[in-house]
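To start, the structure under review is shown below, and the notes come after it.
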Number of protein chains: 2
Amino acid sequence: MPGSAVVAAETVGRVSLYRVLLSGLQQAGIKGVFSHQLSTSAGVSAAQVRRDIITLGYSGSPQHGYDVAELIESIDNFLDAPDGQNVALVGVGNLGRAVASYFAGRRPKLRLVALFDIDPEKSGRVICGVRCYPQEKITEVVRSERVSIVILGVPAPAAQAVADACVAGGARGILNFAPVALRVPPGVYVENLDMARSLEKVAYFARKAGG
Amino acid sequence: MPGSAVVAAETVGRVSLYRVLLSGLQQAGIKGVFSHQLSTSAGVSAAQVRRDIITLGYSGSPQHGYDVAELIESIDNFLDAPDGQNVALVGVGNLGRAVASYFAGRRPKLRLVALFDIDPEKSGRVICGVRCYPQEKITEVVRSERVSIVILGVPAPAAQAVADACVAGGARGILNFAPVALRVPPGVYVENLDMARSLEKVAYFARKAGG
DNA sequence: GCTATGCTGTGAGCGCGTTCACAGTGTGTG
DNA sequence: CACACACTGTGAACGCGCTCACAGCATAGC
């Protein structure tokens, strides 16, 4: 049964990408797809695609490949919580607003229900249709709004304290944009997304490859 | 000699993180640091930190650990091009502006020299102190401005065409925010940074761990 | 001076995600 | 009816990054 086995984080990431690609195919009216087609669009090997799909509990046929609609449904079952998950965003700067607008209505199963900012100008207002609270209320609101996922867009020095407040309120997952390793209790998942780091990787290899 | 050996992308990313952490220590007036201290802040093992530092060509002493200033200098030598690298940003949306403001003046060795946007309202103007060009000029401007790194903040359907134009102009590295695998010639490095994917990973593991 | 301590540098080994290569299977073709 | 073909599903093997564990070494304490 899918869901009981341990799934690697990389697999989950790829599956998420497959869903985006499959949605594109579906909108183009394409009904079936083969592993090597997905592998080209996703930039991974065909064997990888097949293994990933098996972990979803879905099977294709050697004759017609995978049914696009069915595969999307399998991915939905795999990735999404049946009744959705509530998301909060801490730090409504440029980055925070970009993330907020990015997810506005695009992921119905992930509802952005609260913003937090340390700036009194922002807290109390409604931004992008979501209410912004002062940062002291994090634990309280995270708990009352049943937030399970927090997007952390605050400066590095504040990140740990904010993370602690979120965890105290019951958050189970953190998407951390700050360049520090967060200390969290077991059972809380942290994904780091450091843009500066990524850019410097690109800069490094651009230099090494180019000369 | 460092620079000649093949270095893993993960190592480069961690080294970039070390530099951020070390800068913080330096500003706090701390002169020396041990591998286990860095390892705690970076969220990796101490052995990992030591191995990474060796690849820089720097050595500490068993008595005093690593000299913060010297280590930062070694990282600078390792990561940065002596005369810097020019960066362009394509797609001046919410995300693009966030990235632009994020790097404004923070990385002196990475100069943001050009913006591109398909919207005629934006192209022609100067945004955040950088001139914005129409998207048709990418190849031309990338070449004339000697841009080696491109940040791609355009929608997925446009990403491949823009990437091709950038490569044609001589770009050697791409930071791609679009959820597609770019096809690029050998020698061009692509780093994918898909925020939706990362968030869905967090959502998945928040659900699995929490229940 | 001799031992204890704690760090760096590193060879060896491990684990895990990925890839290889092929068996299984049904369809299309002559 | 037999054969060729293309794709899925998967056991086995590979490779690479990471970790373990220890040698080397200088200082601190007695």
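Naming: A, B, ... by sequence-line order, numbering from 1 per chain. Note that this is a predicted model, so its numbers are computed, not measured. Side chains included, hydrogens not; waters and symmetry mates left out as well; all remaining heavy atoms used.
Between B:R197 and A:S16, the side chains place no donor N or O within less than 3.5 Å of an acceptor N or O (distance only, hydrogens not considered). Inspection of the A:N94 and B:R97 side chains reveals no N or O donor paired with an N or O acceptor under 3.5 Å.
Straight-line distance from the OH atom of A:Y66 to the C1' atom of D:dC7: 9 Å, rounded to whole Å. For B:Y58 and C:dG9, the OH to C1' distance is 14 Å, given to the nearest whole Å. Spacing between atom CD of A:E10 and atom C1' of D:dC18 amounts to 14 Å, rounded to whole angstrom units. Taking atom CD1 of residue A:I54 and atom P of nucleotide D:dT8, one finds them 10 Å apart after rounding to whole Å. Whole-Å rounding puts the A:D52 CG to D:dG9 C1' distance at 13 Å. D:dT8 atom P lies 13 Å from atom CG of A:D67, rounded to whole Å.
When all heavy atoms of B:A203 and A:L110 are compared, the closest pair comes out as CB-CD2, 3.9 Å. In terms of heavy atoms, B:A181 sits closest to B:Q160 at O-OE1, 4.1 Å. Considering all non-hydrogen atoms of both residues, B:G170 and B:V142 come closest at N-CG1, 4.2 Å.
A salt bridge is absent between B:K109 and B:D76: the closest approach of a Lys/Arg side-chain nitrogen to an acidic carboxylate oxygen does not fall below 4.0 angstrom. The residues A:R19 and A:D80 are annotated as salt-bridged, a charged nitrogen and a carboxylate oxygen being separated by less than 4.0 angstrom.
Looking at residues 32-48 of chain B, you'll see B:S45, B:Q48 sit with a heavy atom under 4.0 Å from some atom of DNA chain D.
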Scan nucleotides 25-30 of chain C nucleotide by nucleotide, 5' to 3', and note B when protein non-hydrogen atoms come under 4.0 Å of the base, S if they reach only the sugar-phosphate, - if neither.
BBS---
Each nucleotide N or O in nucleotides 11-16 of chain C that has a protein N or O under 3.5 Å away: list the pair and distance.
unit_1, atom_1, unit_2, atom_2, d
C:dG11, N7, B:R51, NH2, 3.3
C:dG11, O6, B:R51, NH1, 2.9

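Expressed to the nearest 0.5 Å, how far CG of A:D83 lies from CZ of A:R146 amounts to 10.0 Å.
Phosphate proximity of D:dC7 to A:S61: absent, as no side-chain N or O sits under 4.0 Å from OP1 or OP2. Listed pair A:R50 / D:dG9 fails the phosphate criterion, with no side-chain N or O lying under 4.0 Å from OP1 or OP2.
Side-chain contact between B:F116 and B:V141: present, with at least one pair of heavy atoms (C-beta onward) separated by less than 4.5 Å. B:M195 places none of its side-chain heavy atoms less than 4.5 Å from the side chain of A:L175.
In this structure, A:T11 reaches neither bases nor backbone, as no heavy-atom distance under 4.0 Å exists between it and the strands shown.
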May I have the step-by-step check of ring pair (Phe, Tyr, Trp, His ring centres under 6.0 Å) for A:Y189 and B:Y204, ending in yes or no?
CA-CA 9 Å; A:Y189 181 82; B:Y204 177 86; 8.9 Å; no
